[in-house]
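Naming: A, B, ... by sequence-line order, numbering from 1 per chain. All heavy atoms count here, side chains included; hydrogens, waters and symmetry mates do not.
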There are 2 protein chains.
Amino acid sequence: MPKSEENPDHREASGVEDTVLGNLIGYRMKRAYMQIQPEAQRVLAEDDLRVVSFSCLSIITDNPGIVQSELAEALQMERSNLVVVIDELEDRGLIARKKVPTDRRRYALTATLRGRRLRDRAALRVRQVEDAVVGCLDAEDRARLMAVLERLEARRAR
Amino acid sequence: MPKSEENPDHREASGVEDTVLGNLIGYRMKRAYMQIQPEAQRVLAEDDLRVVSFSCLSIITDNPGIVQSELAEALQMERSNLVVVIDELEDRGLIARKKVPTDRRRYALTATLRGRRLRDRAALRVRQVEDAVVGCLDAEDRARLMAVLERLEARRAR
DNA sequence: GATAATGATTATGGTCAATAACTATATTGT
DNA sequence: ACAATATAGTTATTGACCATAATCATTATC
């Protein structure tokens, strides 16, 4: 069963043959992700949020006093790329930066009331569009998908 | 002992709380994808291939005579962005462009022998790194994951 | 035969992530 | 105590990537 010119477990909707890509998890994952991402981006844009700024706002809301390095680590992004995002959230009054007295290199980040409210509202709307996209899965499939993704992500080895 | 009074169904490895992001499929999917993508990119780079050029080479190999518009459609990318990729594959002697006589606007694309061999070799190596990353899943989980991703992708509705 | 549509191309701009270099504070070793 | 080192945040820069519009040649349409 390993090799064959016709792989019956993936029929292409179009007439295009594909003996390789469709069997790669990375390829399938990206294409599935691309069903969700533009939708999320669209609804977040209605609140002038990008995915990354929503993510930051969300983590800050859940972790008052978190500093930028920790936030970068949590979101797996570079500290340097965080700066402009944090700047913008602060300028919009969604979060506040305050120097921590015991270590004046660091900024403690907290979400303002407005920030927390926006986070909650945006989260709801993102959740809604995800539900729409993923409506073709029943609750069990969905739960299993989440669990499997979580396990993949958890294998922090290399 | 980390304190997650909140949501018992997602344990954070670090001490960072998260009541929202971790429950979003898009977020989880991106993070799982990021476990695979850099690895695939790395092994493809050893053959001077990028993910996109490998994808093109693969589809062309499986569909001799395909034209650029069809390829762009199959890979869900813009025709204009295909051009340089095709150019490079052609310059490297991995594929050939030939005008189709019945419609001289179009180029029929075919993989050369070298191209087909490279495709097969690269596919094997990508498969290997995917197997390594995804080794924490048994065959059934993996099959189910693929099936679910395929269904998500298939919902070509708006 | 004029006009519109199509396939490939070129040029361009915007977003994004990665890197290096810099500043200021803090920590460590002797 | 102080020199060397490390860390937090910042800035600037770069290259990759993706989308858009304009162009050219060819084909299809009325």
Side-chain angles (χ1 to χ4, degrees), chain A residues 16 26-27 30-31 33-35 37-42 44-45 48-56 60 63 65-91 95-110, chain B residues 16 26-27 30-31 33-35 37-42 44-45 48-56 60 63 65-91 95-110:
Chain A
V16 177
Y27 180 76
K30 175 160 190 180
R31 291 185 63 117
Y33 176 64
M34 280 299 119
Q35 300 291 319
Q37 200 272 347
E39 290 295 294
Q41 191 170 306
R42 185 177 55 77
L44 288 173
D48 291 304
L49 286 172
R50 292 178 298 142
V51 171
V52 65
S53 43
F54 169 68
S55 302
C56 289
I60 295 170
N63 299 271
I66 194 174
V67 298
Q68 292 181 210
S69 300
E70 294 165 346
L71 180 57
E73 164 69 18
L75 292 176
Q76 311 225 124
M77 58 185 294
E78 294 296 321
R79 286 172 309 171
S80 57
N81 293 326
L82 253 184
V83 178
V84 306
V85 181
I86 299 298
D87 280 349
E88 200 211 322
L89 291 175
E90 188 185 24
D91 290 344
I95 65 169
R97 260 185 183 113
K98 33 183 190 179
K99 287 253 182 218
V100 346
T102 66
D103 185 343
R104 290 178 348 215
R105 291 171 304 183
R106 313 173 101 160
Y107 289 106
L109 306 175
T110 53
Chain B
V16 178
Y27 181 77
K30 175 159 191 181
R31 291 185 63 118
Y33 176 64
M34 279 300 120
Q35 300 291 320
Q37 200 272 347
E39 290 295 293
Q41 191 170 304
R42 184 177 56 77
L44 288 174
D48 293 304
L49 287 171
R50 292 177 298 143
V51 171
V52 64
S53 42
F54 169 69
S55 301
C56 288
I60 294 170
N63 298 271
I66 193 174
V67 299
Q68 291 180 211
S69 300
E70 294 165 346
L71 181 56
E73 165 69 18
L75 292 177
Q76 310 226 126
M77 57 184 294
E78 294 296 321
R79 284 173 311 172
S80 59
N81 293 327
L82 252 184
V83 178
V84 306
V85 181
I86 299 297
D87 280 348
E88 199 211 323
L89 291 175
E90 188 184 24
D91 290 344
I95 65 169
R97 263 185 181 111
K98 33 183 191 179
K99 287 257 183 214
V100 344
T102 67
D103 185 343
R104 289 176 351 214
R105 290 171 301 184
R106 313 173 109 177
Y107 289 106
L109 305 175
T110 53

A.B. asks: Provide, to the nearest angstrom, the distance between the CG atom belonging to A:Asn81 and the C1' atom belonging to C:dA21.
C.D. replies: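 Taking CG of A:Asn81 and C1' of C:dA21, I get 15 Å after rounding.
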A.B. asks: In whole angstrom, what separates B:Met34's CE from C:dA18's C1'?
C.D. replies: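 My rounded result for the distance is 13 Å.
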A.B. asks: Which is true for A:Val67 with a 4.0 Å heavy-atom rule: it touches a base, it touches only sugar-phosphate, or it touches nothing?
C.D. replies: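 Counting heavy atoms under 4.0 Å across all strands, the contact made by A:Val67 is with sugar-phosphate only.
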A.B. asks: Under 4.0 Å between any heavy atoms, over every strand shown, what does A:Glu78 touch: base, sugar-phosphate, or nothing? Just pick one.
C.D. replies: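 Base contact - A:Glu78 has a heavy atom under 4.0 Å of at least one base atom.
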A.B. asks: Quickly work out the B:Glu70 CD to C:dT6 P distance and round it to whole Å.
C.D. replies: 14 Å
A.B. asks: Can you tell me the distance, in whole Å, between the CE atom of B:Met77 and the C1' atom of D:dT20?
C.D. replies: 15 Å
A.B. asks: Just the rounded figure in Å: distance from P of C:dA8 to OH of B:Tyr107.
C.D. replies: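 After rounding, the reported distance stands at 9 Å.
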A.B. asks: What verdict does the side chain to side chain contact (heavy atoms under 4.5 Å, CB included) test give for B:Lys30 and A:Gln37, after you've listed the backbone C-alpha separation in whole Å, the side-chain angles of each residue and the deciding distance to 0.1 Å?
C.D. replies: CA-CA 9 Å; B:Lys30 175 159 191 181; A:Gln37 200 272 347; over 6 Å; no
A.B. asks: Round to the nearest Å and state the distance from B:Leu75 atom CG to D:dC17 atom P.
C.D. replies: 14 Å
A.B. asks: Judged by atom type as modelled, is there a donor-acceptor pair below 3.5 Å linking the side chain of B:Lys99 to the main-chain atoms of B:Arg104?
C.D. replies: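 Looks like yes, one N/O pair under 3.5 Å.
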A.B. asks: Distance check needed: D:dT11 P versus A:Asp87 CG, whole Å only.
C.D. replies: 7 Å
A.B. asks: Examine D:dT10: is either OP1 or OP2 under 4.0 Å from a nitrogen or oxygen in the side chain of A:Gln68? Give yes or no.
C.D. replies: yes
A.B. asks: Hey, is the side chain of B:Arg106 poking within less than 4.0 Å of OP1 or OP2 on D:dT27, counting only N and O atoms?
C.D. replies: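 B:Arg106 to D:dT27 OP1/OP2: no side-chain N or O under 4.0 Å.
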A.B. asks: Let's test your reading of the model: under 3.5 Å, does the base of C:dT19 pair with the side chain of A:Ser80 as donor and acceptor?
C.D. replies: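 Indeed there is one.
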A.B. asks: Between A:Arg105 and B:Gln41, which residue's closest nucleotide on DNA chain D lies nearer the 5′ terminus?
C.D. replies: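 Mapping each residue to its closest nucleotide by heavy atoms, the 5'-most match is A:Arg105.
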A.B. asks: Figure out the CG/P separation between A:Leu82 and C:dT19, and round it to whole Å.
C.D. replies: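 Roughly 16 Å, once rounded to whole Å.
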A.B. asks: Does D:dA19 have its OP1 or OP2 closer than 4.0 Å to a side-chain nitrogen or oxygen of B:Arg79?
C.D. replies: no
A.B. asks: In Å, rounded to the nearest 0.5 Å, how long is the span from CD1 of B:Ile86 to CD1 of B:Ile95?
C.D. replies: 4.0 Å
A.B. asks: Is B:Arg97 close enough to C:dT9 that one of its side-chain N or O atoms is under 4.0 Å from OP1 or OP2 there?
C.D. replies: yes
